[in-house]
**Q** 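Input: one structure, supplied below.
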Protein chains: 4
Amino acid sequence: MNDQPIPARPGRKRSEESRLAILTAAFQLVEEVGYAGLTIEGIAARSGAGKQTIYRWWPSKADVLLDALAAKANLHIPIPDEGSYAADLRTFLTASFKLGRDRRVMGVLRALMAHAQIDEEFGERFRNSFLQRRRDALAIIVDRAQERGDLPAVPSPGTIADIVFGTLWYRVLATRQPPDDRLADELVTILGGPQPGTAPPTSTQRKHR
Amino acid sequence: MNDQPIPARPGRKRSEESRLAILTAAFQLVEEVGYAGLTIEGIAARSGAGKQTIYRWWPSKADVLLDALAAKANLHIPIPDEGSYAADLRTFLTASFKLGRDRRVMGVLRALMAHAQIDEEFGERFRNSFLQRRRDALAIIVDRAQERGDLPAVPSPGTIADIVFGTLWYRVLATRQPPDDRLADELVTILGGPQPGTAPPTSTQRKHR
Amino acid sequence: MNDQPIPARPGRKRSEESRLAILTAAFQLVEEVGYAGLTIEGIAARSGAGKQTIYRWWPSKADVLLDALAAKANLHIPIPDEGSYAADLRTFLTASFKLGRDRRVMGVLRALMAHAQIDEEFGERFRNSFLQRRRDALAIIVDRAQERGDLPAVPSPGTIADIVFGTLWYRVLATRQPPDDRLADELVTILGGPQPGTAPPTSTQRKHR
Amino acid sequence: MNDQPIPARPGRKRSEESRLAILTAAFQLVEEVGYAGLTIEGIAARSGAGKQTIYRWWPSKADVLLDALAAKANLHIPIPDEGSYAADLRTFLTASFKLGRDRRVMGVLRALMAHAQIDEEFGERFRNSFLQRRRDALAIIVDRAQERGDLPAVPSPGTIADIVFGTLWYRVLATRQPPDDRLADELVTILGGPQPGTAPPTSTQRKHR
DNA sequence: CAGTAAGCGAGACGGTACGTCAGGTCTTGGG
DNA sequence: CCCAAGACCTGACGTACCGTCTCGCTTACTG
C-alpha cells in the first residue's frame, strides 16, 4: 500500500460549474462573433465567471477554445482494422474528411491553427494535444500494414501523415473547399500501392484551378 | 482623342519614399518582434510615416506585410520545361521547398496564412494574390504533361496541387519541420506515375512520429 | 521683436471641449458618489471622453478634481485693506470661514487633503497650487500690518498662518463642525494684539467637549 | 449574582497569536510600502494569517492600523499639574509636539486621518477612539485652570483645543514641517494670557513663507 | 467523551477598477 | 490632395485587490 498521491491541498476546490460554463460560453461565442471577435471579457461575461478565473486556468483564449473543443465536440475517429491497408486508410480518411466538413468544428480548428502560428507556446500545446494525436492514430494503421507487409515502399510512414493531413488542412485553410470523398479516394489510390482490381478511371481532360 | 484614362487628379502625389519606408519597416519589425508584436503604430514610428498614411493605402497590417514580402523577398520560382512530367515536377518541388526553408520568408507566410483564417477579407486577397499564383504555376507544368500524355490518371490536376502545396504548408504550419528534398522525391514518386528505371528503395523498417 | 514663444507644434490641438466635460463630470460625480466612489472610468463615461484622454493630461483623479475645483468653484477670497491688522484679519477669516462652510467645496477639499497624505507627488502639487496660495494671501495682510507697526510680537508670521489655517482645517477634517464666525472672532482676539475698546466677555463657565 | 457578561461561547477561541502577527505585519508593511501600498492581502501574507481572519475582526485596513498603532507605539502623553495653566499647557504641548515629530507614528496617523476623510464610518471610529481622547486630556488641564481662575476669557475651552490640535495637525498634514518647541512656546504665549514676567521678544522683521 | 460550534490558513470565486496598448478616425499646419 | 504629428474615442488587455465563499483542520466548551 502506498500513500495517497494527492497531498490533499488546502483551500477551496476548483469549481467544475465555472469550468463548464466557461467552455460552453467560449464555444457559443466563437460561433456567434468569430474568433477575431472572441474576447476573454466576452467569455467571462457570458459565462458569469470573473476574468481572473479564466486567466487562472488558461493562458490564452485559444487554450480555452482547445479545451472547449474537446469537451463540446465529438472529435473521435475510430481506428479501423479491416484486413488491408487500403481499406483501413480509406475508412480513416473518409471519417476524417467527414469531420473536416463540420463547419463549426473546422471554424474552431482553423482559428486554433492560426493562433498556433502567432503564439509559439500555444503552438507547442496545440501540436502536442491535437495534431500529434491524429498522427498517432494514423500511425497505428500504418504500423499494422507494415507488419502485414502491406505497405508500399514509398512514401515513408512520416510522409504519409504529412501528405494525408497536409492535404486535408490545405483544403480547410487555403482553398476553403470542403474535403470530399473523391479526394479521399484519390489519396488512397496514390498511397495505397497497386490495388488488385482497381481499374483506374480514364484520363479524360479535366480542368483545374 | 479621348480623355486621359488617369484624370490627373489634383493634389500631392503619393510619396514613393513613404511607401518604401513603410514596407521596409514592416519587414524589419516582423522579424524583430514577431507578427503578434507587429503594430501599425510601430510601423509608422519606425518608418517615420504617419498612421493615416498607412491606413490610406493598406487595409490591415497583413496587407502591408503581403506587399512587403513581394517587394523585399525574391519569391520567384521558375517554371521548368525539361521534357518529362516527373523531371518538371521534381524541379518545381525542389525550388519550392528550398524557398520553404527560408526562415524569414516562411515566418511571414505563416503569419499571413494565420491572418487569412481570422480576417475573411484578407483571406480572399491572400488566396488571390499569393496562393492561386503558386497553383497557376504548377498548373502550367501539369497542363504540359497532360498534352504530352505524360500525366497519370490519378490524381486529378486540382488534387495534385492540393497534395503538393498541402504537404508543404503542413510541414511549415503544423510539424515545423523544414521541407527537405527527400520529401520532394517521395512526392514525385507517388505523383509522377510509373518511372522508367526508378528502382524503389528497399522497404526497411522505418520509424515515424 | 522676438519670435513666437510657441514653436507651432504639429498635430491636433488639445480639445477644450473634452477638458471641460471631464472637469464638469468629475465635479458632479464626486458629489453624487463621494470621493471613494469616484473613478477615472466613471469620469470618462460621464464626460464622454476616453480614459486615455484623462490619463494624458492628469496624473490622478485627485489632480482632475483639483482642476475641477479651480474651474467650477469660486474660491476667491479678497485681500482686504481696511487700515488695521485686526480689521483685515477679521475680514479675511470671515470670508475664509464662509467658504469653509460650503459643503460641496469642503467635501472636495477634504478629499484632496486626504489624497495628498497618501500620494506624495500629488501632495506636493496640492501644497503648491492650493495651500501655499492661501498662505500667500494672508502673508500680504501680515506684511502690511508689519509695515504699519501694527503686528503683535508673537506669534511670528509663519505661525499666524499655521494657527489660522490649522484651526480651520482641523474643524473641517477632525471635528466636522463648520467653522463659524465666533471662532473667527476668537482667533482675531488672540492674534490681533491689544484691541482698543474691545472689552473681553466675562469669563463665565463654559462647557466644552 | 448575574450571568457572565460573556456567555462563554463554544468553539475555538480567538487566536492571540494571529492577532498580534497581523498587527505587527500591518505596522511593518505600512512603513515599507506606504499606506497606499498596504493591502489586506499583503497583511495576510506577511502575517501568515488567512484573509478571512482579518475580515472577521477588523472592518478595514485602517482599523487594523489603528489597533496596530495602539499596540505598537507608545502614544501616552502625561497630563501635567504644575500649578499654573501656562506651565501645564507648555508641558502638554511640548510632549504632544515631540510625539508629532516621530516620523513612524505620524506617518500612520496621517494615513488614518486621510482614510477618515474618505470612509465616513471609520472617521467616526477614529474621532472617538483617538482624536477625542486627546481633546479630553487637554480638557482636564483647561478645567483645572478654570477652577483656579487661571484661564483667559478668550478663547473658549473648545476653541483652545481646536487651535492647539489644529495647528499641530496642520503642520503634519499640510506644511510637512515637524512641529518644534518654538511653535509650542508661541501657542502658550497667545493662549496663556498675560504672563507675569514674560517679556515679549522685540518685534524685529521676520520673513515668513 | 462524543458532539458541535467556532476559529484558523489556504485559496478559488465573482467583481470592479486599474493603467496600458493599439485600433481606427479626425484635426492641424505645411508642401 | 498628400504628408507627419498627434489628440481623440473605443475596447480589450492582463493585473491587483476587494470581500465572500468553501475546504479540511484544530480547538474548546457542552451535554
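A, B, ... follow the sequence lines: proteins, then strands. Residue 1 opens every chain.
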**Q** Could you please name the option among E:dA22, E:dG24, F:dC8 that lies closest to any side-chain atom of B:Tyr55?
**A** E:dG24
**Q** Would you say A:Gln117's side chain and B:Leu173's backbone share a donor-acceptor pair under 3.5 angstrom?
**A** yes
**Q** Side-chain contact, heavy-atom cut-off 4.5 Å: A:Trp58 with A:Ile22?
**A** yes
**Q** Which of these nucleotides, E:dA12, E:dC8, F:dG14, is closest to any side-chain atom of D:Thr53?
**A** E:dC8
**Q** Return whichever of D:Thr39 or C:Arg12 has its heavy-atom-nearest nucleotide of DNA chain F closer to the 5' end.
**A** C:Arg12
**Q** Closest-nucleotide mapping onto DNA chain F: is D:Ser60 or C:Arg14 further toward the 5' terminus? I mean the 5' end.
**A** C:Arg14
**Q** Is A:Arg56 close enough to E:dC13 that one of its side-chain N or O atoms is under 4.0 Å from OP1 or OP2 there?
**A** yes
**Q** Rounding to an integer number of Å, can you tell me how far A:Glu17 CD sits from F:dT22 C1'?
**A** 13 Å
**Q** Measure CZ/A:Arg9 against P/F:dC25 and give the value in whole Å, please.
**A** 14 Å
**Q** Which whole-number value in Å describes the distance from A:Lys51 NZ to F:dA12 P?
**A** 10 Å
**Q** Can you tell which of E:dT25, E:dT20, F:dC17 lies closest to the side chain of D:Glu41?
**A** F:dC17
**Q** Can the positive tip of B:Lys61 be found less than 6.0 Å from the middle of the six-membered ring of B:Tyr35, inside 45° of the ring normal?
**A** yes
**Q** Tell me whether the OP1 or OP2 atom of F:dA7 has a side-chain N or O from C:Ser18 closer than 4.0 Å.
**A** no
**Q** B:Gln52 side chain: which of E:dC26, F:dC1, F:dT20 is closest?
**A** E:dC26
**Q** Which is more 5' along DNA chain E, the nucleotide nearest A:Ala49 or the one nearest C:Lys13? Just name the residue.
**A** A:Ala49
**Q** Quick one: closest heavy-atom pair of C:Ala21 and C:Ser47, and the distance?
**A** O-CB, 3.4 Å
**Q** Reckon C:Trp57 has a side-chain N or O less than 4.0 Å from the OP1 or OP2 of F:dC8?
**A** yes
